[in-house]
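One structure below.
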Amino acid sequence: MRYIGCHLSSSGGYLEMVKTAEKIGANTFAYFTRNPRGSKAKQEDSADAAAAMARLREMGFGRLVAHGAYTMNLCTADPEARAFACDVLCDDLRRMAALPGQSYNFHPGSHVGQGAQAGIGYIAVALKKALEPGYPVTVLLETMAGKGSEIGGTFEELKAILDAVGSDQVGVCLDTCHVWDAGYDIAHDLNGVLAEFDRVIGLDRLYALHLNDSKNPMGSHKDRHACIGQGYLGLNTFRAVVTHPALAGKPMILETPNALPGYEKEIALLRGLES
Ligand code: FE
Ligand code: FE
Ligand code: ZN
């Protein structure tokens, strides 16, 4: 089964997102658990969540991949800001419990000069705390472009976080634009990159993908998403990704610069690709 979807607005609630996804041919989706740049979370509505869960099951959707706020930096230098970010993470996971079995992806964070080692330690501390209550959610670290002092631009850094947390409730979400911008050549050697992922992290820890083309050449560390087939990755890369046996059944989420009609077209395009 190919599970393909895109980012949706959560302003109408959970069930509304499922219905929107169905309309545009998606069978998974992502949404921001709160304003991507701010920190305000929508009020919770458990009846809406239960209705959405029933509909997801009925329609055979793949796992959803909720996205934490970009501003949540678990390894920032200021202890108060770090504690606040950890509170945001804890609260996000608590609210995800209304959608049992789905996944939550976030950007590991930027160490802002303290060094990757220190950053990885802070991220692990926050994750351990957030996982403590045992909410039924899989938490995913996103592969990053390595912009500035971002952590997660190498598979080794993600593995270090996974090891420090030591929970099989934590996995990885691979963003095609980010890994390319980080210097992994998925355009010419997808098999080699997946083999490297498997060697360092283990493909069993890969739960989801973000499908984005890139506006920049490999290794640029820029993180600028392009529409599918309109960037340096090109359509053939996405053909290889969506048809790869090792990636079959994993939710694939578009984060391309599109509104709904553009997403609908890209979903159809990706569904039509054959190896
Ligand atoms: Fe992201
Ligand atoms: Fe992403
Ligand atoms: Zn990005």
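Just so you know, ligand 1 is whichever comes first in the structure, and atom 1 is the first atom listed for that ligand.
Donor-acceptor pairing under 3.5 Å is lacking for the side chains of Thr76 and Asp78. With hydrogens and angles left out, the side-chain atoms of Asn216 and Asp181 include no donor and acceptor closer than 3.5 Å.
With a cut-off of 2.8 Å, the Zn ion (ligand 3) has an N, O or S atom of Asp223 in range. Among the atoms of Cys177, none of the N, O or S atoms falls under 2.8 Å from the Zn ion (ligand 3). Taking 2.8 Å as the criterion, His178 counts as a coordinating residue of the Zn ion (ligand 3), since one of its N, O or S atoms falls below it. None of the N, O or S atoms belonging to His178 lies under 2.8 Å away from the Fe ion (ligand 1).
Between the side chain of Arg2 and the backbone N or O of Arg271 there is at least one donor-acceptor pair closer than 3.5 Å.
Cation-pi geometry between Arg82 and Tyr122 is satisfied (NZ or CZ under 6.0 Å from the ring centre, within 45° of the ring normal).
Using a 4.0 Å cut-off between charged nitrogen and carboxylate oxygen, Glu16 and Lys19 do not count as a salt-bridge pair.
Checked against the Fe ion (ligand 1), the N, O or S atom of His107 at the shortest distance is NE2. Taking the Fe ion (ligand 2) as reference, the nearest N/O/S atom within His210 carries the name ND1. Glu142 contributes OE2 as its N, O or S atom closest to the Fe ion (ligand 2).
An angle of 90° is found at the Fe ion (ligand 2) between Glu255 atom OE1 and Asp175 atom OD2, rounded to 10°.
A distance of 4.5 Å separates CG in Leu233 from CG in Asp213, rounded to the nearest 0.5 Å.
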